[in-house]
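Report on the following structure.
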Amino acid sequence: MNQIRYDKVLNPAQLTAVMTTEGPLLVIAGAGSGKTRTLVYRVARLVETGVPPEGVLLLTFTRKAAGEMLERAAGLADERCRNVSGGTFHSLAHRVLRQHAGFLGFSTNYTVLDRSDMEELIQSLVQEMQVDKGSIRFPKKSTLANIISKAANLEKGVEDLMTDEYAQFLEYAPQVNKLSRLYGEYKKESQFMDYDDLILFFRKLMAENQGIREQLGRQYRYIMVDEYQDTNAIQADIVKWLAHDHHNIMVVGDDSQSIYSFRGANYRNMFEFPKLFPETRVVKLEQNYRSTQPILNLSNAIMNQAEEKYTKCLFTERGDGNLPRVVDARTEPEQAMYVSQAIREQLDRGLSLKDMAVLFRAAYHSFELEVELARRGIPFVKYGGFKFMESAHIKDLLAHLRSVVNREDTISLGRILRLVKNIGQNKSQAIIQWMREEKCHPWQVAEWPGAGKGDDGLKGLAQLLRQLGGKGTGPKRAIELAIEYYEPILKERFDDFPRRQRDLEQLLPMASRYQKLRSFLDDLTLEPPNSAADMGPVDRGDCLTLSTVHSAKGLEWAVVFIIWVMDGYFPSAKANSGMEAIEEERRLMYVAATRAKDELILCYPGQESPRPWVSNDGGAIPYTRGLSSFIQSLPSGVVEYGSMGTPFKTRDVSWVLKKAGLRREEHETKGRGLRAGDRVRHPAFGQGVISKLQGEDKVEVLFRDFGRRLLHLGYTRLEKV
DNA sequence: CATCACGCTGTTTTT
DNA sequence: CAGCGTGATG
């Protein structure tokens, strides 16, 4: 154990936050102000003063964040810090509910629905309801899930929420309302809890059951909550109940970094906190230890334009640096080109890839860049967006295990039934109906009286399920059995079979860390790995980071590129929340900018440009893109504006053709006079050669700088040159 | 009744 | 790209 000289490693404000262990404490911590450091030292301090580690609770935004903080505390002080209880609100709620759900009339054997389970259930209910499609399109399942979830988090009625935020679908409000009710009933019947239920029921448990509340109060004598600006009203209530009996509660946050309002988060929680606990002490951390002054000037300027702000400006003792650059890269392909070029330059300057990151608003905004990086052989890891757990093959495989663990889980059962040959929507529903009526075990599927001669596949499934449900079958064995069963189906269903097979095998090492199937599945739901690389000890080596801003919280890099797409968003009726949405975009930009230590480059495709996923349809549906007005109207001297020249070098088209081993073909697309071998120009991709004609209005073009693309002539503006 | 080929469409972020 | 609906096919 090391003796820590707190006054040597912390500034006065941080020191106060660390040493004030008793009573409620609100820490307002600007970006890069050593917030994590403060939490880590506070954990160390608590353990050092003799608080048993199990009695300390650290609530963070992701489980990973908690783990990393405790790891750090253990490293710099006392090994026992590793035993501090840490996790998210959801994981804590789950831990408690697994024990006490009985008080709420639930079985402790409930299944946690992740987002895609929720959507699937909603989808099936929509089909049952037979809503008649009115004049406008009925919202798709992900939108419906968003509406229902947000209403739950804000404790609003569906209709009220839709009036405020989904006015474009208001005519469907009665149907959505009914859907929401059916969804609630179905969950109850099937012993399902979605993410929102975990939180809501946890609060209910504490509000209504004094015994459990007192027990938790005794168990966790010291509580810390990170990212408090991202909590919602329900979570604030939970905090209130958790600390009800001892008031040893510290919350840390920064209102300028609140970017989760879509989950019902409300940064005003931070300023309500002293009302919950009137004797609250407030500490502000305003010195930034991360960025250069020019970067902070930009960050401050962004926030100065905000409608509502509480924290003061950040300052740093880090001297001058380069002005942040704002670059108009004209089109998205050129932007990808520009960013990878700039990365190359930083590399030549001696920087390493792991010191750089590219941040963006939405996962798909980096598609074009990813292609370009791959072309140049620049390795990268990507965070955010599509999840490993959400890929169809992983869901398929796990559904087999889930349907055994919870007999009521008809979602998973339906899913695996539909994988059996000759069983689709109708038969699977019939089987499920029958099983519900007869109260069968899942492994009795093959006894379904409706089975015809084509339905032999059910026997194989029944056999697997019986094995999975067997007493001695642990998580690892279960995965092995399921893979063995599922592999032929996988081969049949997907053509990129080898990759998906490797993904499935990634589950094995993870499964072997668990004793019980149930807890393995729970953890996969509550702590889903981001990618296959997250599953095992994969060496990421020296890679560039690509990340959504949401996933980049709590991290920092020497050089940060931000690629931004903003104007053109929120086209439809965000009636009341339009302004709030813009304000949240501002805070997103702030979070992104404050990740940078030394260099910051903002770039955007200023020109009206084709859609980013041009690969298949060549779509040129125009929409304006660019940095929003709050960036363009920054005070002078805060940034340096630039634009990107045309980087394409001319090269002989026949050289390209030859390199690709192509020959000129003679036939012609009707009416357009385009032939294979013709040189063409695309507004975004530049010059290319038609390599193949497909049907009347599709052509495959080999672009000099962007490789092969299939373009739809109905959409694309392809000129002959 | 299941499956396949085809065409159309597109806010986003995560526990 | 991927999800979805539609109409044709087995």
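Naming: A, B, ... by sequence-line order, numbering from 1 per chain.
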Between [options], which nucleotide gets closest to the side-chain atoms of [X]?
X: A:T88; options: B:dT15, B:dT12, B:dC1; result: B:dT15
X: A:R361; options: B:dC1, B:dT15, B:dT13; result: B:dT13
X: A:F262; options: B:dT14, C:dC4, B:dC1; result: B:dT14

For [X] and [N], is the shortest distance between a side-chain N/O and OP1 or OP2 below 4.0 Å?
X: A:S551; N: B:dT13; value: no
X: A:T548; N: B:dT14; value: yes
X: A:K141; N: C:dC4; value: yes

Does [X] reach a base, just sugar-phosphate, or nothing at all? Heavy atoms under 4.0 Å.
X: A:L198; result: nothing
X: A:T143; result: nothing
X: A:N146; result: base
X: A:F89; result: nothing
X: A:R115; result: base

query = Passes side chain to side chain contact (heavy atoms under 4.5 Å, CB included), A:K553 versus A:D230? Steps please.
reply = CA-CA 12 Å; A:K553 263 195 159 181; A:D230 290 328; 2.4 Å; yes

message = With nearest nucleotide decided by heavy atoms, which residue, A:V420 or A:H550, maps closer to the 5′ end of DNA chain B?
response =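 Comparing both residues, the 5'-ward one is A:V420.
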
Separation of [N] [atom2] from [X] [atom1] (nearest whole Å):
X: A:Y383; N: B:dT14; atom1: OH; atom2: P; answer: 14 Å
X: A:K553; N: B:dT15; atom1: NZ; atom2: P; answer: 12 Å
X: A:E119; N: C:dC4; atom1: CD; atom2: C1'; answer: 13 Å
X: A:E227; N: B:dT15; atom1: CD; atom2: P; answer: 12 Å
X: A:I259; N: B:dT13; atom1: CD1; atom2: C1'; answer: 8 Å
X: A:K140; N: B:dT12; atom1: NZ; atom2: C1'; answer: 10 Å
X: A:D194; N: B:dT15; atom1: CG; atom2: P; answer: 15 Å
X: A:L200; N: B:dT15; atom1: CG; atom2: C1'; answer: 13 Å

message = Any carboxylate oxygen within less than 4.0 angstrom of a Lys/Arg side-chain nitrogen, looking at A:D114 and A:K395?
response =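 Yes, this pair counts.
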
message = Any carboxylate oxygen within less than 4.0 angstrom of a Lys/Arg side-chain nitrogen, looking at A:D255 and A:R587?
response = no

message = What verdict does the side chain to side chain contact (heavy atoms under 4.5 Å, CB included) test give for A:T111 and A:Q191, after you've listed the backbone C-alpha separation in whole Å, the side-chain angles of each residue and the deciding distance to 0.1 Å?
response = CA-CA 6 Å; A:T111 294; A:Q191 300 293 331; over 6 Å; no

query = Just wondering, are more than 12 heavy atoms of other shown residues or ligands nearer than 6.0 Å to CD in A:Q433?
reply =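 Incorrect, the count does not exceed 12.
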
